[in-house]
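Here the structure is laid out as structure tokens; the discussion comes afterwards.
For this chain, numbers begin at 1 and follow the sequence in order.
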Amino acid sequence: MTVFVCVLLSFQPSSPVNMGRHFGNLAKVRHIITYSLSPFEQRAFPNYFSKGIPNVWRRVTSSFFKVAPPMVLMYLTYSWGNSVHQQGKRKNSADYENDQ
């Protein structure tokens with residue numbers, strides 16, 4: 001009980017340390033340096049056409065033969081499975097030849 005009272009007595013809401021702190025300045029962070037650049041100083045799309053599009057083409061062509069064969073195989077398996085399923089749902093007309 002005495003610890004709780006001591007903590008309450010040490011908190012003074014009218015002290016200048018606790019007053020006037022905004023949400024971004026609740027804690028004092030030391031020994032961390034941050035650098036930032038104004039959005040007006042940055043270029044939005046630097047080297048977009050000269051380096052970006054050739055880089056995308058290089059990456060697509062280098063990974064095409066790694067990605068395409070499994071995808072083609074899975075597509076063929078999926079289409080084969082669908083056709084077998086559709087054939088299995090059909091009625092066999094030979095079973096109903098003698099019905100009237």
Side-chain angles (χ1 to χ4, degrees):
M1 184 70 176
T2 58
V3 174
F4 182 67
V5 173
C6 291
V7 170
L8 283 179
L9 290 177
S10 66
F11 178 73
Q12 299 171 357
S14 63
S15 69
V17 174
N18 294 330
M19 299 269 312
R21 288 204 173 177
H22 299 286
F23 187 74
N25 298 323
L26 293 178
K28 187 170 186 175
V29 179
R30 299 177 61 200
H31 306 294
I32 295 179
I33 300 170
T34 59
Y35 298 99
S36 64
L37 206 71
S38 169
F40 301 107
E41 297 288 332
Q42 299 177 16
R43 295 188 334 202
F45 299 103
N47 303 323
Y48 182 72
F49 293 106
S50 63
K51 293 183 182 175
I53 293 174
N55 188 34
V56 169
W57 178 254
R58 179 189 57 82
R59 292 175 66 181
V60 167
T61 56
S62 68
S63 65
F64 178 77
F65 291 108
K66 295 175 189 171
V67 176
M71 291 180 81
V72 169
L73 183 67
M74 290 306 297
Y75 174 75
L76 293 174
T77 305
Y78 180 76
S79 60
W80 172 79
N82 279 340
S83 65
V84 168
H85 178 68
Q86 292 297 329
Q87 289 174 0
K89 287 186 356 181
R90 285 193 223 146
K91 294 180 180 179
N92 188 2
S93 59
D95 294 339
Y96 302 102
E97 288 178 353
N98 297 327
D99 288 347
Q100 295 177 356

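Between the NZ atom in Lys89 and the NE2 atom in His85 there is a gap of 4.5 Å [rounded to 0.5 Å]. Taken from CE in Met74 to OH in Tyr78, the straight-line distance is 10.5 Å, to the nearest 0.5 Å.
Residues passing the ring-ring contact (aromatic ring centres under 6.0 Å, His included) test with Phe45 are Tyr48, sequence neighbours excluded.
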